[in-house]
Structures are given as C-alpha cells and as structure tokens.
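Report on the following structure.
Note that the numbering runs from 1 along the sequence shown for the chain.
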Amino acid sequence: MKVVLASNEERRPERNVKSKPVYFYHKVRRGQNLGEIANKYHVEVQDIKVWNKLRSLTIVPGQKLKVYTTTPENETSGRLKS
C-alpha cells in the first residue's frame, strides 16, 4: 500500500508502506498553526492540507485534523496524550 504524499517525486521519494497506514485526529487548540502541528507529528504542512482537503493555512480551535502515521501504536499513543 502507498501513502499519498503532497510533495512531488523530485523533492521527496515515495514511501512504500508494508502495513496499513494508521491515522488519528488531532484537535486544534487555541494558538496552534499547521506548521506546529506538522512538526509535532513529523509530517509536512502540505501533507496535512491534502489529507484534510484544506485550501488555505487557516484552522480554528476545536477543528479536528486527520494525521497519518506509520509509527507503532505505543509511540503514537504517548504523543496523543500531550
């Protein structure tokens, strides 16, 4: 299975994922922006925009954003608590 990446192949190679991609939702807090959220989960802003069909960088508190990861579940659950 392949994970859809927003960047073109020249800038970043395609990731081949052997297991099924896992996703979760991040609830936006006041003062957060896409760059901060992307850094937290080690993804690119453009990926978050594609996964959530966002046309701009505008997000609002309380909004839920889908974030894909291939990180093992035990590491992901630790990040979600913070």
Side chain proximity check, [X] to [Y], heavy atoms < 4.5 angstrom:
X	Y	answer
K40	I37	no
L57	K49	yes
V43	W51	yes
F24	V67	yes

message: On the six-membered ring of Y23, is K66 placed so that its NZ or CZ lies under 6.0 angstrom from the centre and within 45° of the ring axis?
response: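 Flagged: K66 positioned over aromatic ring of Y23.
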
task: Taking N52 for its side chain and L54 for its backbone only, find out whether a donor-acceptor pair lies under 3.5 Å.
output: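 Pair absent, no side-chain N/O of N52 close to backbone of L54.
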
task: Any chance you could measure H26, atom NE2, to Q63, atom CD, to the nearest 0.5 Å?
output: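 Interatomic distance, H26 NE2 to Q63 CD, rounded to 0.5 Å: 10.0 Å.
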
- request: To the nearest 0.5 angstrom, please state how far the OH atom of Y41 sits from the CG atom of L65.
  value: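 The distance works out to 9.5 Å.
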
query: At their closest point, which heavy atom of P61 faces which heavy atom of R30, and how far apart are they?
result: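 Answer, listing the atom of P61 first, then R30: CG-CA, 3.8 Å.
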
Taking every non-hydrogen atom, the tightest pair across A38 and E44: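 A38 and E44 have their closest heavy atoms at CB-C, 3.9 Å.
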
- prompt: Out of L34, N33, V50, which one pairs with V45 under the side chain to side chain contact (heavy atoms under 4.5 Å, CB included) rule?
  reply: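 For V45, the side chain to side chain contact (heavy atoms under 4.5 Å, CB included) check succeeds only for L34.
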
